[in-house]
Amino acid sequence: MFDNDDKPWLEGLNPEQLRAVSSDARSLLVVAGAGTGKTKTLAARVARLIDDGVPPGRILLLTFTRRAAREMIRRAERMVAAGGTAIWGGTFHAVGHRLIRSFASRASTLGDFTIMDQADSADLIGLVRSELRLESTARRMPQKATLTSIYSAAVNAAEPLEELVPRRFPWCEADVASMSEIFRGYVARKRRHNLLDYDDLLLYWRALLDGHSGDAMRDMFDHILVDEYQDTNALQADILLGMRSSTDRLMVVGDDAQSIYSFRSADVRNILDFPDQHPGCEIVTLESNYRSVQPILDCSNGVIAQAKERHTKELRAVRSGTTRPSLLTCMDEAEQSQEVCRLVLEHLESGVALHDQAVLFRTGHHSALLEVELSRRNIPFVKFGGLRFVEAAHVKDVVCMLRILENPHDELAWFRTLQLLEGVGAASARRLMSELGVRVMGEPGPDDDPLGRFIAGEVKVPKQAMAEVGTLRLAFAECRRAADVASQLEGLTGFYEGPLERLYDSPLARRRDLEELAGLAAGYESRSSFLVDMVTDPPAATGELAGPPLLDEDYLILSTIHSAKGAEWDVVHLIHAADGMIPSDMATGDAQEIEEELRLLYVALTRARDYLYVYFPLRYHHRRMGLDDSHSYAQLSRFFAAPVLESFERRWTTAARLPEPDTVAGATASVDAFLSSLWP
DNA sequence: TAGTCCGAGTTTTTT
DNA sequence: ACTCGGACTA
């Protein structure tokens, strides 16, 4: 019936995948279990659409990361010659930004705006908080980062503070009143300075859909495809509804068992309620797993079977293989690191490249000790997740200087940059900004060129700061003449040498980061697109790689479980399978949180193709690398209940065999005592 | 007013 | 082990 030579996208699709690829239903829900060929199906569908004559520019592909979008588009383009306009692909936030830029500026409602990342939002919230002088009241306010999370959670879940805070931030319950005041101030400040935060990218998108631009926006696309639908939130579901026209087709793909972003207000109800929200919807379920061998699936199925609420799906292995996963009990974290290195190298020797192996963990700092060990043994690695490269103070400093060049009225950027100068603190920075005429955009001022005034030296600076101000003026002046971002960065880094040495320790590592930043910038034509990408699509990985030349080399993958979503490796090492680590003791408040931790474990286990190793360190030292030997015993994660344990090959290192079984059995109390001693 | 020292409180995961 | 703000000194 089909000629595969004509239609290469048909190749190797199973009947369910084929249904998803060729369906013409107006609304299509694909429930795709882990490893069931979701990416392949999405890519094949895109290829099919293009082959059917849909112009690529009229296809919108919404993914969780831009990396995922690029991968899918690449695969689709391999299957079919895609000419003409490129497919619209990216995250909700990145696409929202693009749409707002073209529609809002055209309507001149917003003019030229700057996007803030989360740290910028936190700084602004901190600024508003200190200006409101709420500290004088008896209670101390939560940290600015916490306030930012609360603000964002309220926006994304569309939930009033009075309900949200007691439920998700119970320790801040007493602060709700002052919080509302701060948030009101924050919103006003954003508006006055034409700043949009991440949440605004979604809010303005939705607002534009309700306004005059709505029809034009809806008319842009014939097909919308959404990946990782289980991790979208109420606001995003709303946007999708708003984007629908009478003729378009919408396909969403997801797996409720892999919903792990409720902290970002993702709501599994989105995928569960999709059929109701989009009447006449066709549903396709993918259950054949092409990734893992059956013993790994047995163990993953056993883990997810413990979930209370779920769509029952049983993954079936297509590939053959009988190696059971290993649960390795180690003496302590140090031994765990040793064992990971040993097994990684063992697999390397038997032909599995480093980048086909990954070490997964619950939180960014869980890999700290392992990173030391890997460096010691010269095993190159790249780390995904944890603290981001662009959020490091020194990278932010340099990016802020670029932001001033882009928008000389960027209050936050000036405030940060000026304080880099020796002898200039918050007070002088404020004074300088007002002298320079950094002001609300769009309002007429005495001079529209604060940067020009700064370069011309038209402001009084403290004596101490004279030298550095001079260098900065020169650097800015050169930047104005330089054509490309890369050379602008070079000039600014020259000025930055002084502040870097003075303000931070380990300047060597930081200088390396700045070189990496320069390398990234070299790939950009314009400064503005570079700055936008730094916010909406920042580099996901940080690594111990000295520079670009080394990128060709083989390297091991380290990743938080969250960042491992959608990926797969031949060999997966999951470390810290102790209670308090997974589930994280930060997330054992209520049953729903614990259930999400369970899904998190499920996501980790289902990343493995051939070999799966789970490591459980028995003892946790109180003071890492400390001189004393005080420690307490951990308990195996509660998710490894008896039936799950049966699917593992259990092993103990020689050292781990030593403690008496009853010591281990009674360990929970001591772990809890240790952990709670950290935050009394 | 910048920079330093001290004490109190602190929640992970990411766009 | 970190951040943050307040008090204090130069």
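Predicted, not measured: the structure shown is a model, and the values here were computed from it. Convention: sequence-line order gives letters A, B, ...; per-chain numbering from 1.
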Scan A/Asp123, A/Asp513, A/Asp117 and name whichever one has a salt bridge (Lys or Arg N to Asp or Glu O under 4.0 Å) with A/Lys396. A/Asp117

Can you check the [X] [atom1] to [N] [atom2] distance for me, whole Å?
{"X": "A/Leu127", "N": "C/dC4", "atom1": "CG", "atom2": "P", "result": "13 Å"}
{"X": "A/Asp175", "N": "B/dG9", "atom1": "CG", "atom2": "P", "result": "13 Å"}
{"X": "A/Leu147", "N": "B/dG9", "atom1": "CG", "atom2": "C1'", "result": "14 Å"}
{"X": "A/Leu418", "N": "B/dT1", "atom1": "CG", "atom2": "P", "result": "15 Å"}
{"X": "A/Phe169", "N": "B/dT10", "atom1": "CZ", "atom2": "C1'", "result": "14 Å"}

Is the A/Phe92 ring parallel, tilted or perpendicular to the A/Trp205 ring (thresholds 30°, 60°)? tilted

Relative to the ring of A/His97, is the ring of A/Phe113 parallel (under 30°), tilted (30 to 60°) or perpendicular (over 60°)?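 Correct class here is perpendicular.
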
Minimum side-chain heavy-atom gap A/Tyr151-A/Val187 below 4.5 Å: yes

With a cut-off of less than 4.0 Å, is there a side-chain N or O of A/Arg129 near OP1 or OP2 of C/dC4? no

Ignoring backbone atoms, test whether A/Trp171 places a side-chain nitrogen or oxygen under 4.0 Å from the OP1 or OP2 oxygen of B/dT11. yes

Residue whose nearest DNA chain B nucleotide is more 5′ - A/Pro462 or A/Ala94: A/Pro462

Describe the nucleic acid contact of A/Ala426 in one word from base, sugar-phosphate, nothing, applying a heavy-atom distance below 4.0 Å.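 The answer is sugar-phosphate, as A/Ala426 gets under 4.0 Å only of primed atoms, P, OP1 or OP2.
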
What nucleic acid atoms does A/Thr146 come within less than 4.0 Å of, heavy atoms only: base, sugar-phosphate, or nothing? sugar-phosphate

Which of B/dT15, C/dT3, C/dG5 is nearest the side chain of A/Gln143? It is C/dT3

All heavy atoms of A/Asp120 vs all of A/Leu412, minimum pair found to be O-CD1, 3.9 Å

Atom P, compared across C/dC4 and B/dT13: separation rounded to whole Å: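 The same atom, P, in both gives a distance of 16 Å.
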
Protein-nucleotides 12-14 of chain B N/O pairs under 3.5 Å:
from	atom 1	to	atom 2	distance (Å)
B/dT12	O2	A/Arg362	NH1	3.3
B/dT12	O2	A/Arg362	NH2	2.2
B/dT13	OP1	A/Gly364	N	3.3
B/dT13	O4'	A/Arg362	NH1	3.4
B/dT13	O2	A/Arg362	NH2	3.4
B/dT13	O2	A/His562	NE2	3.3
B/dT14	OP1	A/Thr560	OG1	3.2
B/dT14	OP1	A/Ser563	OG	2.9

Side chains of A/Tyr186 and A/Ser121: donor-acceptor distance under 3.5 Å anywhere? yes

Who passes salt bridge (charged side-chain N to carboxylate O under 4.0 Å, His left out) against A/Asp199, sequence neighbours left out? none

